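Working notes, beginning with the structure itself.
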Amino acid sequence: QVQLVESGGGSVQAGGSLRLSCAASGRTFSSYAMGWFRQAPGKEREFVAAISWSGGTTSYADSVKGRFTISRDNAKNTVYLQMNSLKPEGTAVYFCARARDSSYGMSRGRYDYWGQGTQVTVSS
């Protein structure tokens, strides 16, 4: 059974930064692509960023490109999301997810394991 545990959320003013972490259980973490999604109140869960199994390839939603950076440390079974220049519209619960295989995508259907989420609140 795979478990994903997010941490690092909190409250920050617009323009500030946060670094989210997602610790994964299991010995095969490095075999899978990983992604971050977010869900704001009353809205659907949306893609934020994804990273290949090796960390060599990344993808971002247009809304966060240039401000967020996804990375991973396979030795620590952890994926990160560095969020800079945060905006109030970034207020949401952020979820990490494990892809079904080594390939990532923007669709939620590409991911089979999800964490419980961590709240990020950005005030203006």
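Predicted, not measured: the structure shown is a model, and the values here were computed from it.
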Open item on the list: Name the residue from Thr78, Ile70, Ile51, Leu81 that meets the side-chain contact (heavy atoms from CB on, under 4.5 Å) definition with Met34.
Closed with: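 The single option meeting the side-chain contact (heavy atoms from CB on, under 4.5 Å) with Met34 is Ile51.
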TODO: Test the Arg72-Phe29 pair against the cation-pi criterion, namely NZ or CZ under 6.0 angstrom from the six-membered ring centroid and within 45° of the ring axis.
DONE: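 Checked: cation-pi criterion met.
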- [ ] List the steps, then state whether side chain to side chain contact (heavy atoms under 4.5 Å, CB included) holds for Lys87 with Ser63.
- [x] CA-CA 10 Å; Lys87 302 177 180 180; Ser63 59; over 6 Å; no
Task: is_close_aromatic(Trp36, Phe68), centroid dist under 6.0 Å - done: no
TODO: Examine Tyr32 together with Tyr113 and report whether their ring centres are nearer than 6.0 Å.
DONE: no
Closest non-hydrogen atom pair between [X] and [Y], with its separation:
X	Y	answer
Thr91	Val122	OG1-N, 2.9 Å
Ala40	Ala92	N-CB, 3.8 Å
Ser102	Ala33	O-CB, 3.5 Å
Ser85	Ser17	N-OG, 4.3 Å
Leu4	Ala97	CD1-CA, 3.8 Å

Other residues, nucleotides, ligands: >12 heavy atoms within 6.0 Å of [X] [atom1]:
X	atom1	result
Gln3	CD	no
Lys43	NZ	no
Gln119	CD	yes
Gln116	CD	no

Task: Nearest-0.5 Å distance, OG of residue Ser59 to CE of residue Met106 - done: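 One gets 6.0 Å once the value is rounded to the nearest 0.5 Å.
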TODO: Find the distance between CG (Leu86) and CZ (Arg67) and round it off to the nearest 0.5 Å.
DONE: 6.5 Å
Applying the 4.5 Å side-chain criterion to the ILVMFWY set and letting contacts propagate, would [X] and [Y] be lumped into a single cluster?
X	Y	result
Leu18	Val48	yes
Val79	Tyr60	yes
Tyr94	Trp114	no

- [ ] Look only at the side chain of Asn74 and the backbone of Trp53, and say whether a donor-acceptor pair between them is shorter than 3.5 Å.
- [x] yes
- [ ] In sequence, state the C-alpha distance, the side-chain angles, and the governing distance for Arg38 and Glu46, and then conclude on side chain to side chain contact (heavy atoms under 4.5 Å, CB included).
- [x] CA-CA 5 Å; Arg38 66 186 180 188; Glu46 64 175 6; 2.7 Å; yes
Task: Side chains of Glu6 and Leu20 in contact at under 4.5 Å (non-hydrogen atoms) - done: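 A side-chain contact under 4.5 Å is absent here.
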Task: Arg110 and Asp101: CA distance, side-chain angles, deciding distance, side chain to side chain contact (heavy atoms under 4.5 Å, CB included) verdict - done: CA-CA 8 Å; Arg110 288 285 305 132; Asp101 51 40; 2.8 Å; yes
- [ ] For a ring-ring contact (aromatic ring centres under 6.0 Å, His included) with Phe37, tell me which candidate from Tyr111, Phe95, Tyr104 qualifies.
- [x]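 Exactly one pass, corresponding to Tyr111.
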